[in-house]
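Presented below is the structure to which this report refers.
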Amino acid sequence: MASAHNGMRLTLKIWRQPSPQAAGRLQTYEMRDVSPDVSFLEMLDQLNEQLIAQGEEPVAFDHDCREGICGMCGVMINGQAHGPQNQTTTCQLHMRSFHDGDVILIEPFRADAFPVIKDLVVNRSAFDRIIQSGGFVSVNTGSAPEGNAIPVPRHMQEKAMDAAACIGCGACVASCKNASAMLFTSAKVSQMAYLPQGKAERSQRVLSMVAKMDEEGFGACTNTGECEAACPAGIQLSNIAVMNREYMRALLTSHE
Amino acid sequence: MSTVASEPAILDGKCPTGPMAERWEQRKRDLKLVAPNNRRKYTVIVVGTGLAGGSAAASLAELGYNVLSFCVQDSPRRAHSIAAQGGINAAKNYQNDGDSVWRLFYDTVKGGDFRSRESNVYRLADLSRNIIDQCVSQGVPFAREYGGTLANRSFGGAQVSRTFYCKGQTGQQLLLGAYQAQMRQVAAGKVKMFSRREMLDLVVINGVARGIVTRDLVTGAMETYAADAVVLCTGGYGNVYYLSTNAKNCNVTAAWRCHKKGALFANPCYTQIHPTCIPVSGDHQSKLTLMSESLRNDGRVWVPKTQGETRPASQIPDDQRDYYLERRYPSFGNLAPRDISSRAAKERCDAGYGVGMGGMSVYLDFADAIRRDGEATIRAKYGNLFEMYEQITGENPYQVPMRIYPAVHYTMGGLWVDYNLQSNLPGLYVLGEANFSDHGANRLGASALMQGLADGYFVIPYTIADHLATSKHEKVTTDHPAFKEALIESRNITERLLNTKGRRSVDSFHRALGKIMWDKVGMARTAEGLQQAISQIRELRDEFWRDVKVLGSGDNFNQMLEHAGRVADFMEFAELLAIDALERDESCGGHFREEHQTPDGECQRDDENYCHVSAWEFQGVGNQPVMHKEPLSFEEVHLATRSYK
Ligand SMILES: Cc1cc2nc3c(=O)[nH]c(=O)nc-3n(C[C@H](O)[C@H](O)[C@H](O)COP(=O)(O)OP(=O)(O)OC[C@H]3O[C@@H](n4cnc5c(N)ncnc54)[C@H](O)[C@@H]3O)c2cc1C
Ligand code: FES
């Protein structure tokens with residue numbers, strides 16, 4: 001437990017919005033004696049316990065694994081998706097990244113395609129629909145060949161793995177001024193492009209995923225690179241280049 | 001005579017007989033099929049979208065059934081399976097190191113301390129090979145050798161290298177494979193996806209599972225869904241301990257409410273405490289983080305040889321360190337199974353040799369491995385795990401040893417199922433961690449992912465057809481009175497929670513329950529402690545219903561209400577767990593009764609009296625449940641004392 005003298009005093013300004021239709025506003029809360037060892041979400045847990053004790057409704061926020069892998073958490077912290085720490089999700093961020101007396105602005109991930117459900121919770125189901133439009137290999141259970149039948153060069157597998165590490169949190173969209181979903185979509189397109197298993201459907205995949213992305217109301221990419229900087233999973237901008245190439249290739253060669 | 005009346009009823013797992021290696025083939029020959037053009041006439045509810053649920057939903061939809069899929073997260077891709085780090089076992093024998101289906105089967109039966117069903121385990125080991133093929137085809141980027149073939153690593157409890165992995169994110173990649181297969185079926189119109197929906201009850205009509213009640217977590221709407229079968233894939237109950245490595249939303253609610261509707265709950269006392277977790281750092285702790293067991297391939301576990309040592313690790317010379325796993329288990333060393341490694345850590349810490357805050361951790365040291373292989377190699381293998389450790393603790397494990405301590409991780413117990421994965425309620429199937437079937441009293445590392453996917457991809461598609469083809473029940477709709485009744489019951493529970501209007505928060509009740517469970521029903525159990533736990537749980541449960549404070553309303557997004565419902569179920573379930581632990585008067589695997597240990601502190605099983613599955617039947621909250629026994633017989637792997645020395 002943090003002792004009184006090493007705990008921090010913090011001022012939190014948190015977006016409160018009771019429902020999707022209701023108007024939201026920032027509300028200020030004072031926190032005392034926050035230990036540097038607690039995680040950001042544990043700090044919010046502590047705030048919520050305080051609010052409950054006072055009979056106020058706690059702040060709603062999404063979270064699950066608290067290990068940086070499920071992609072469920074994610075808020076804007078002082079204007080940065082997932083806060084100040086590089087390649088770190090909100091749940092993995094610890095209060096040792098903050099200082100006594102800090103004012104912390106906490107808002108939901110904002111984008112037209114991510115409507116607010118309540119407080120800091122948003123609806124990211126558009127990402128599921130992008131995957132539905134082509135982010136898979138069409139192989140039914142039972143029809144797979146032997147695992148070692150097709151060798152995959154190690155460097156290709158590693159590139160595929162790096163792209164596949166996307167946790168689908170939406171930080172890329174929230175930090176992009178155009179609310180573009182290019183980084184998310186390209187990570188899946190390039191994972192599949194690097195692997196022989198993904199080759200058969202490559203044209204159709206990229207065309208339909210890009211079309212879906214537009215249809216869902218995500219913006220265009222203007223190469224500002226904010227998405228890469230905000231990504232907790234280290235997904236690189238080079239995936240967008242791969243997707244653009246795949247897209248051009250598909251336009252030129254697609255006969256479907 | 002009364003003694004006869006109190007003899008437990010004998011349960012039949014309905015396993016095929018005949019040679020072990022042919023049992024699944026034989027069962028498949030006997031199962032009835034549903035013709036392709038008839039499949040679209042059947043609707044199957046799949047609750048849960050982890051490895052078990054995701055793979056089941058995708059596979060059933062590919063076959064042509066109409067699937068309704070439910071999960072509590074905002075997307076099916078976020079099921080708790082995503083957090084699995086280390087890997088998935090398969091008996092491919094790519095390393096030419098003596099592995100085989102039989103050896104994986106043998107290791108799993110032995111690892112489970114002879115408390116699992118041999119027929120199931122054999123099938124699991126056999127299907128493990130198909131899983132890898134399937135996942136590779138889906139584009140799962142498993143680690144590869146330079147020549148492009150699949151790579152393996154070793155895991156605890158095995159002397160062969162059979163674990164397939166994707167860096168430290170194996171669960172993520174396998175789950176995304178299943179999720180993508182499922183999304184493909186959503187696009188094809190065969191899966192209807194319901195995210196942010198919590199199952200609150202099972203609807204049973206004439207003894208057959210026919211549907212579920214759910215709450216829409218966004219709007220608060222209570223809904224009912226009817227189907228021809230229900231497949232429950234809702235994961236484990238580790239969060240009954242509050243602190244565990246499970247994701248915060250993991251719960252026992254779906255399984256428990258099925259139990260209250262008549263489904264038997266088997267071996268709830270078999271819980272797994274994982275040896276390598278980041279230790280508790282204070283009262284604020286909301287969950288615990290696992291450091292993958294794969295780290296034990298290269299890390300050496302030790303504590304100082306002197307009690308209450310205060311020097312930093314770097315200043316303690318080698319001859320003053322006790323590498324206690326290597327000392328006690330020379331042939332498995334740091335790769336001893338989980339239950340054994342966990343207890344060994346607890347033993348050292350209880351004896352005063354522990355390090356870190358309150359002496360409640362041990363070192364996991366990579367210095368030798370870094371000297372031997374270089375930092376780059378270690379980084380390539382475990383980089384993301386090391387980073388995670390540093391983020392949480394603020395310490396750099398390349399420079400100072402990690403500190404670890406055991407934590408609740410996995411639950412081997414679950415709803416009872418037969419060989420077909422069907423519960424005692426016809427039409428209710430249970431897959432993945434939610435069932436009890438394959439791991440006995442202790443699960444080996446990298447075997448849960450294997451089981452979830454075996455169940456979903458390769459078992460349920462066959463066995464469910466038999467139920468659909470043979471049970472000639474009438475179609476029902478949600479207009480049936482049973483649905484209305486179940487809906488009202490669920491609504492009543494919600495209203496009761498909201499109307500209690502007490503003073504104490506849900507979270508504080510959950511923490512209090514967790515503390516009772518960890519202290520008295522955790523790594524080491526005694527009859528006396530368990531009896532105390534049972535009465536403390538009852539008191540806490542009464543207090544909960546008198547004094548819980550749930551704010552807000554039921555007709556919108558209300559996380560406190562969700563949590564309250566789950567804690568209410570944990571309060572009831574915890575009692576069953578403790579009762580089972582008390583009744584099982586032996587030590588086996590993860591269930592360690594201090595009264596039953598060998599002179600050197602190992603588990604002492606009582607095969608004469610406890611070589612069975614204990615499956616409990618609900619008799620009302622607070623009433624002693626009725627036990628049903630499924631005797632276990634070991635034909636292939638002969639009952640023996642487990643030794644890893
Ligand atoms: C940190 C960690 C690391 C692990 N690493 C490994 C490893 O390396 N190898 C290995 O083999 N195993 C590992 N395991 C174990 C393994 O991950 C799990 O046992 C397995 O993934 C469980 O899969 P499942 O499909 O049964 O359930 P889960 O993945 O837990 O999925 C449960 C699903 O049910 C849904 N659900 C739950 N309750 C309800 C409800 N009431 N209503 C509606 N939906 C509901 C959830 O939304 C979710 O979709 C690890 C576990 C942990 C905690
Ligand atoms: S809660 Fe899972 S990534 Fe943060």
### Query
Can you tell me how far CG of B:Asn249 sits from CG of A:Asp64, rounded to the nearest 0.5 angstrom?
4.0 Å
### Closest-packed option against chain B by number of heavy-atom pairs under 4.5 Å, given A:Ala164, A:Gly142, A:Pro153
A:Ala164
### Query
Rounded to the nearest 0.5 Å, how far does NZ of B:Lys167 lie from CG of A:Asp162?
4.5 Å
### Query
Any idea which of A:Leu195, A:Val122, A:Ile167 has the most non-hydrogen atom pairs under 4.5 angstrom with chain B?
A:Ile167
## Note on the structure
Assert top hit (heavy-atom pairs under 4.5 Å, partner chain B, pool A:Pro58, A:Gly168, A:Gly68) equals A:Gly168
### Task
Below 4.5 Å from any heavy atom of chain A, which atoms of B:Leu127 appear? Answer side chain, backbone, both or neither.
neither
### Query
Of the backbone (N, CA, C, O) and the side chain (C-beta and beyond), which part of A:Gln46 lies under 4.5 Å from a heavy atom of chain B, both, or neither?
side chain
### Task
Please state whether the side chain, the backbone, both or neither of B:Tyr179 comes within less than 4.5 Å of a heavy atom of chain A.
side chain
### Message
Salt bridge or not between B:Lys287 and A:Glu67? Use side-chain N to carboxylate O under 4.0 Å.
### Response
yes
### Message
Looking only at the side chains, is there a donor atom on one of B:Ser75 and A:Arg124 sitting less than 3.5 Å from an acceptor on the other?
### Response
no
#### Entry: Interatomic spacing from SG in A:Cys70 to CZ in B:Arg77 - rounded to 0.5 Å
10.0 Å
#### Entry: Residue part contacting chain A, namely of B:Thr393, when any heavy atom lies under 4.5 Å
backbone
### Task
Examine whether an atom of B:Gln85 lies under 4.5 Å from a heavy atom of chain A, and if so say whether it belongs to the side chain, the backbone or both; otherwise answer neither.
side chain
### Query
Hey, is B:Lys92 close enough to A:Glu146 for a salt bridge, meaning N to O under 4.0 Å?
yes
#### Entry: Over 12 foreign heavy atoms within 6.0 Å of NZ, A:Lys159
no
### Summary
Among A:Arg96, A:Glu158, A:Glu57, the residue with the most heavy-atom pairs under 4.5 Å to chain B is A:Arg96
### Query
Any idea which heavy atoms bring B:Tyr146 and A:Arg154 closest together, and the distance?
CE1-NH1, 3.2 Å
### Summary
When every non-hydrogen atom of A:Met161 is compared with those of B:Cys166, the smallest separation belongs to SD-CB, 3.7 Å
### chain A contact via B:Gln391 - which portion, at a heavy-atom distance below 4.5 Å
both
### Query
Under a 4.5 Å heavy-atom cut-off, does chain A meet the side chain of B:Gln172, its backbone, both or neither?
side chain
### Task
Please report the closest heavy-atom contact between A:Val137 and B:Arg184, naming both atoms and the distance.
O-CD, 4.3 Å
## Note on the structure
Nearest heavy-atom contact between B:Phe557 and A:Ala60 is CE2-CB, 3.9 Å
#### Entry: Electrostatic pair B:Arg196-A:Asp62, nearest N-O below 4.0 angstrom
yes
### Task
Can you tell which part of B:Gln559 gets under 4.5 Å to a heavy atom of chain A, answering side chain, backbone, both or neither?
side chain
### Message
Just by distance, no angles: are the side chains of A:Gln197 and B:Ser137 close enough, under 3.5 Å, to form a donor-acceptor pair?
### Response
no
### Between A:Ile150, A:Asp119, A:Asn148, the one whose heavy-atom pairs under 4.5 Å with chain B are most numerous
A:Asn148
### Message
Ignoring hydrogens, what is the shortest heavy-atom contact between A:Ile69 and B:Gln169? Give both atom names and the distance.
### Response
CD1-CG, 3.9 Å
### Query
CG/A:Asn140 to CD/B:Gln138 distance, rounded to the nearest 0.5 angstrom?
10.5 Å
### Task
Supply the atom-to-atom distance B:Leu63 CG to A:Thr141 OG1, rounded to the nearest 0.5 angstrom.
7.5 Å
### Task
Would you confirm whether B:Gln285, through its side chain, and A:Val38, through its main-chain N or O, come within 3.5 Å as a donor-acceptor pair?
no
### Task
Locate the shortest heavy-atom distance separating B:Asp507 from A:Glu49; write the atom from each residue and the value.
CB-OE2, 3.4 Å
### Task
Could you tell me the separation between the CZ atom of A:Arg129 and the CE atom of B:Met193, rounded to the nearest 0.5 Å?
12.5 Å
### Query
With a 4.5 angstrom heavy-atom cut-off, which part of B:Leu176 approaches chain A: side chain, backbone, both or neither?
side chain
### Query
Under a 4.5 Å heavy-atom cut-off, does chain B meet the side chain of A:His63, its backbone, both or neither?
both
### Among the listed options A:Ser125, A:Ala53, A:Pro145, A:Ser133, the residue most often paired with chain B at heavy-atom distances under 4.5 Å
A:Pro145
